[in-house]
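Single-structure report; data block below.
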Amino acid sequence: MKAAIIVFPGTNRERDMRLALKCASGREPAMLFHREAALPKGLDLVVLPGGFSYGDYLRCGAMAAQSPIMRAVKDFAAGGGHVLGVCNGFQIMIEAGLLPGGLLRNASLRFLSMDCRLRVERAGTAFTAHWQKGDCFRAPMAHGDGNYFADDATLDRLEGEGLVAFRYVDDAGEATAAANRNGSARNIAGIFSPNLRVCGLMPHPEDLVDPLMGGVDGLPMFRSLVERLVAA
């Protein structure tokens, strides 16, 4: 699988993502600075990693969404390319119009840095092929603006079209208020684009891909991507 990771000023999870992709594929991803105007030829996947692009000034991801490379990323997505955005990458995706909704301040108004549990809401995609629907896994989260919001019509559409990727749940796999620490609408932790080729989520599966990290809960996502995109 040929992948590229986009690096913005303030990005700080690019090395974690690089390790996750290399662990799953055995191949080094390209690292592209935000001022690049084009993507390498033949990419299978573009990743927008976590961090604090531009220091989270204005709104998280708002300035990064205007970077030169994002025009190429949007063209790549429009052409059917696969794009993954995690945490700040998810925020950038939304600001760039790649996914609907918005990410507000956490309901507690505090930065959250802790593990959470996610439930897979749709299996069989390039991002979730190594899970079954209803599977639960652990993922670290580290964000101050992870409270997913959309109007009721958008939320209903996401639910009706099966575009909710992951939901915050408790240890029993239930989407409770207590499990929804940032206050996201309907416990939504991640969503897909209508063609299922763009996925954004707030927690960090790339930070659990090796036993030395404390677990491998996030590895199925990256193995799914390798399996599906290499086969394609």
Side-chain angles (χ1 to χ4, degrees), residues 6 8 11 13 46-54 56-67 70-71 73-78 80-112 116-122 125-128 133 139 141-169 175-177 179-206 221:
I6 311 300
F8 301 90
T11 294
R13 297 294 184 115
V46 172
V47 181
L48 306 179
F52 304 93
S53 59
Y54 290 93
D56 283 347
Y57 290 117
L58 299 181
R59 293 183 308 276
C60 297
M63 294 178 70
Q66 305 305 314
S67 291
M70 287 305 298
R71 289 191 290 271
V73 173
K74 291 167 74 172
D75 288 345
F76 179 75
H82 286 80
V83 185
L84 172 64
V86 176
C87 199
N88 189 224
F90 187 17
Q91 295 164 340
I92 295 168
M93 281 180 163
I94 286 180
E95 291 289 343
L98 287 167
L99 291 171
L103 288 158
L104 309 179
R105 290 292 295 168
N106 296 337
S108 65
L109 301 183
R110 296 180 178 179
F111 188 90
L112 297 174
C116 65
R117 288 190 67 77
L118 302 181
R119 187 176 70 204
V120 178
E121 297 296 279
R122 181 162 183 167
T125 75
F127 305 92
T128 60
K133 182 177 179 179
M141 62 179 182
H143 55 251
D145 296 72
N147 183 352
Y148 182 73
F149 170 84
D151 59 73
D152 287 340
T154 298
L155 293 171
D156 288 344
R157 179 179 63 81
L158 291 172
E159 300 275 15
E161 296 179 7
L163 301 181
V164 176
F166 306 102
R167 228 182 280 270
Y168 298 107
V169 295
T176 62
N180 188 16
R181 293 184 176 93
N182 56 30
S184 291
R186 304 187 190 182
N187 284 56
I188 292 173
I191 59 175
F192 296 118
S193 62
N195 67 1
L196 305 177
R197 290 173 176 251
V198 177
C199 178
L201 70 158
M202 284 308 299
H204 292 270
E206 76 276 14
M221 172 176 282

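All residue numbers refer to positions in the sequence shown, counting from 1. Note that the structure is predicted; figures quoted are calculated from it, not measured.
Considering only heavy atoms from C-beta on, Tyr148 stays 4.5 Å or farther from Val164 through its side chain. Contact annotation: the side chain of Leu84 never approaches that of Leu48 to less than 4.5 Å [non-hydrogen atoms, C-beta and beyond]. Residues Leu201 and Met221 have side chains in contact (heavy-atom distance under 4.5 Å, counting atoms from C-beta outward). Contact annotation: the side chain of Phe127 never approaches that of Leu196 to less than 4.5 Å [non-hydrogen atoms, C-beta and beyond]. Between Ile188 and Leu155 there is a side-chain heavy-atom pair separated by less than 4.5 Å. In this structure, the side chains of Leu103 and Phe149 stay at 4.5 Å or more apart for every pair of heavy atoms. Annotation: side chain of Leu98 is in contact with side chain of Val73 (closest heavy-atom distance under 4.5 Å). Between Leu163 and Ile191 there is no side-chain heavy-atom pair separated by less than 4.5 Å.
For Asn106 (side chain) and Gly183 (main-chain N/O), no donor-acceptor pair under 3.5 Å exists by modelled atom type. Of the possible donor and acceptor atoms, one in the side chain of Arg122 sits under 3.5 Å from a partner among the backbone N and O of Gly162. The main-chain N or O of Met70 is never found under 3.5 Å from a side-chain atom of Ser67 such that the two would form a donor-acceptor pair.
Here the closest non-hydrogen pair linking Ile94 and Gly102 is CG2-CA, 3.9 Å. Closest approach of Thr154 to Pro100, counting heavy atoms only: CG2-CB, 4.0 Å. Residues Phe166 and Cys199 share a closest heavy-atom pair of CE1-SG, 4.2 Å. Counting all heavy atoms, side chain and backbone alike, Ala175 lies closest to Asn187 at C-ND2, 3.5 Å. Taking each heavy atom of Cys60 and Glu95 in turn, the nearest pair found is O-CG, 3.6 Å. Annotation for Pro203 and Cys116: closest pair CG-SG, 3.8 Å, computed over non-hydrogen atoms.
When only modelled atom types and interatomic distance are considered, Asn195 and Ser193 share a side-chain donor-acceptor pair under 3.5 Å.
Scored by the side chain to side chain donor-acceptor pair (under 3.5 Å) test, Tyr168 finds Asn182 as partners (sequence neighbours excluded). Every residue meeting the side chain to side chain donor-acceptor pair (under 3.5 Å) condition with Arg167, not counting sequence neighbours, appears here in chain and number order: Glu121, Glu159.
For the atom pair OH (Tyr57) and CE (Met63), the distance works out to 9.0 Å, reported to the nearest 0.5 Å. Atom CZ of Phe192 sits about 11.0 Å away from atom CG of Leu158, to the nearest 0.5 Å. In this structure, NE2 on His82 lies 8.0 Å from OG1 on Thr125, to the nearest 0.5 angstrom. The line from CE of Met141 to CG of Leu118 is 9.0 Å long, rounded to the nearest 0.5 Å. From Asp145, atom CG reaches atom CG of Leu109 across 10.0 Å, with rounding to the nearest 0.5 Å. Interatomic distance, Tyr54 OH to Asn88 CG, rounded to the nearest 0.5 Å: 11.5 Å.
Counted within 6.0 Å of CZ on Arg59, heavy atoms from surrounding residues, nucleotides or ligands total 12 or fewer; the atom is thus considered open.
The pair Arg157-Asp151 does not count as a salt bridge, with every side-chain nitrogen at least 4.0 angstrom from each carboxylate oxygen.
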Take Cys87 and Arg13, measure what side-chain contact (heavy atoms from CB on, under 4.5 Å) needs, and give me the verdict at the end.
-> CA-CA 9 Å; Cys87 199; Arg13 297 294 184 115; over 6 Å; no
